[in-house]
Amino acid sequence: MQEQEAKAYFSKELLAWYRVQKRDLPWRRSRDPYHIWVSEVMLQQTRVETVKPYFERFVALFPTVDALARAPEETVLKAWEGLGYYSRARNLQSAAREVSERYGGTVPDTKERFAALKGVGPYTAGAVMSIAFNRREPAVDGNVMRVLSRYFCIEEDVAKGGTRAMMERLQYELIPEGEASDFNQAIMELGALVCTPKSPHCLTCPVMERCAGRLEGKEESLPIKTKAKPPRPEYRACALVVSEDGGSVLLRKRPATGLLADMWELPHVEFAAMGWPAAMADAAVGDALAGWLGAELGPEASGAVRPAEPVGVAEHTFSHIHWNLRVHRLTAAAAEGAPLREPYRWVDRAGMEVHPLPNVFVRLLKAEGFIPA
DNA sequence: AATCCGGGGTT
DNA sequence: AACCCAGGATT
């Protein structure tokens with residue numbers, strides 16, 4: 001049957017190509033399932049080149065499941081600072097604590113047990129089971145969806161759940177006996193190096209001859225995917241309050257759930273939540289922001305917070321929200337000695353080393369000279 | 001099935 | 001300016 005030949009050809013040629021072309025990546029130098037696990041979580045929605053330095057630092061800081069389990073959450077978040085999707089770090093540590101307590105620190109080698117851990121979905125479960133334990137499990141990520149949809153000319157919407165399930169069955173069939181680890185890495189490697197999203201490099205592809213998508217001239221229009229909604233705009237006023245001596249900055253800790261959970265940040269407030277017009281002039285923003293922050297900090301500080309000067313606009317786009325931050329420098333001299341209400345805190349430069357901040361605020365503090373660039 | 005959850009590199 | 005990246009949790 002022609003279909004079976006196309007599948008056997010794909011598996012054989014891809015595996016041969018991978019043995020020659022595989023990249024030397026930090027997590028490929030380890031056989032430790034914990035290291036493979038950490039790498040897979042970091043690689044969720046994140047590029048290889050971005051992950052490399054984070055992975056090296058993370059496994060140096062937390063070499064074992066038990067070490068990660070014992071660490072303070074803030075230390076883990078600090079090691080994750082700048083990577084994004086911070087719930088990955090919190091879930092990974094939560095899962096490490098479960099593995100430490102329930103399995104004595106040994107990563108479970110069955111899909112059922114491993115997949116039950118926090119932050120481990122169908123992809124990560126399949127990836128760690130196949131790569132670390134060579135178990136025959138599919139691991140369908142964006143690369144696999146793209147490669148399979150092109151090679152087999154599958155025109156289903158890859159954003160649909162049913163398409164993913166179909167891809168998992170297909171990938172399972174393609175795994176050569178005893179080759180799950182290399183094969184799953186090979187198909188992802190092909191997607192990353194050759195079968196790229198735009199303008200795939202078909203002339204260097206090991207399975208070009210029998211690629212149905214290319215033979216149909218559809219290699220650039222596949223995979224078919226419904227496009228995401230554009231992020232909604234949020235207009236916010238943001239306070240940069242540096243202490244009189246210039247040594248500390250006013251930060252606050254975010255709530256334990258939702259956007260940027262448990263991270264630290266400069267105080268800010270949404271215009272719409274305060275009934276302020278989005279087009280408010282700088283002077284008015286400074287006054288309104290000072291009034292708001294004074295009330296936030298409590299009766300002792302109320303009235304002590306004063307506007308100083310507009311700093312400018314900082315913009316930051318999340319996948320679903322676009323922040324437009326009107327940043328103002330404020331003074332709060334009279335409030336510096338008074339006790340601060342939760343979740344606010346004065347943080348000095350040494351303290352910045354242990355408080356995890358989203359990149360948008362790190363950039364802001366560097367631009368304003370509070371953190372060395 | 002939608003929506004929420006970061007940040008940045010490619011084209 | 002899109003697009004999308006070795007996705008998962010929540011609703």
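Checked by atom type and distance alone, the side chain of A/Tyr123 never pairs as donor or acceptor with a backbone atom of A/Pro138 at under 3.5 Å.
Among residues two or more places apart in sequence or in another chain, the side chain to side chain donor-acceptor pair (under 3.5 Å) test is passed with A/Asn184 by A/Ser130, A/Gln171. Taking A/Glu137 as the reference, A/Lys111 meet the side chain to side chain donor-acceptor pair (under 3.5 Å) condition, with sequence neighbours excluded. The salt bridge (charged side-chain N to carboxylate O under 4.0 Å, His left out) check on A/Glu220 picks up nothing, with sequence neighbours excluded. Applying the side chain to side chain donor-acceptor pair (under 3.5 Å) criterion to A/Arg349, with sequence neighbours excluded, gives no partner residue. The ring-ring contact (aromatic ring centres under 6.0 Å, His included) check on A/Tyr18 picks up nothing, with sequence neighbours excluded. Residues passing the salt bridge (charged side-chain N to carboxylate O under 4.0 Å, His left out) test with A/Glu49, sequence neighbours excluded: A/Lys52. Residues satisfying the side chain to side chain donor-acceptor pair (under 3.5 Å) criterion with A/Glu156, sequence neighbours excluded, are absent altogether.
For the contact set between residues 126-139 of chain A and DNA chain B, defined by any heavy atom under 4.0 Å, there are no members. Applying a 4.0 Å cut-off to non-hydrogen atoms, none of the residues of residues 164-185 of chain A approaches DNA chain B. Near DNA chain B, defined here as any heavy-atom distance below 4.0 Å, the residues from residues 76-93 of chain A are A/Gly82, A/Leu83, A/Gly84, A/Tyr85, A/Tyr86, listed numerically.
From the 5' end on, the contacts that DNA chain B makes with chain A at under 4.0 Å to a non-hydrogen atom open and close at B/dA1 to B/dT11.
The A/Glu189 side chain lies nearest to C/dA6 when the options are C/dA6, C/dC4, C/dA2.
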Enumerate donor-acceptor pairs with a distance under 3.5 Å from any side-chain N or O in residues 187-204 of chain A to protein atoms, sequence neighbours excluded.
from, atom 1, to, atom 2, distance (Å)
A/Glu189, OE1, A/Arg23, NE, 3.4
A/Glu189, OE1, A/Arg23, NH2, 3.0
A/Glu189, OE1, A/Arg28, NH1, 3.4
A/Glu189, OE1, A/Arg28, NH2, 2.9
A/Glu189, OE2, A/Arg23, N, 2.8
A/Glu189, OE2, A/Arg23, NE, 3.1
A/Glu189, OE2, A/Arg28, NH1, 3.2
A/Thr196, OG1, A/Lys198, O, 3.4
A/His201, ND1, A/Val194, O, 3.3
A/Thr204, OG1, A/His201, O, 3.1

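Dashed line: the shortest gap from a side-chain N or O of A/Gln45 to OP1 or OP2 of C/dG7 is under 4.0 Å.
Across the interface with DNA chain C, nearest-nucleotide mapping of A/Val120 and A/Leu25 shows A/Leu25 to be the residue nearer the 5′ end.
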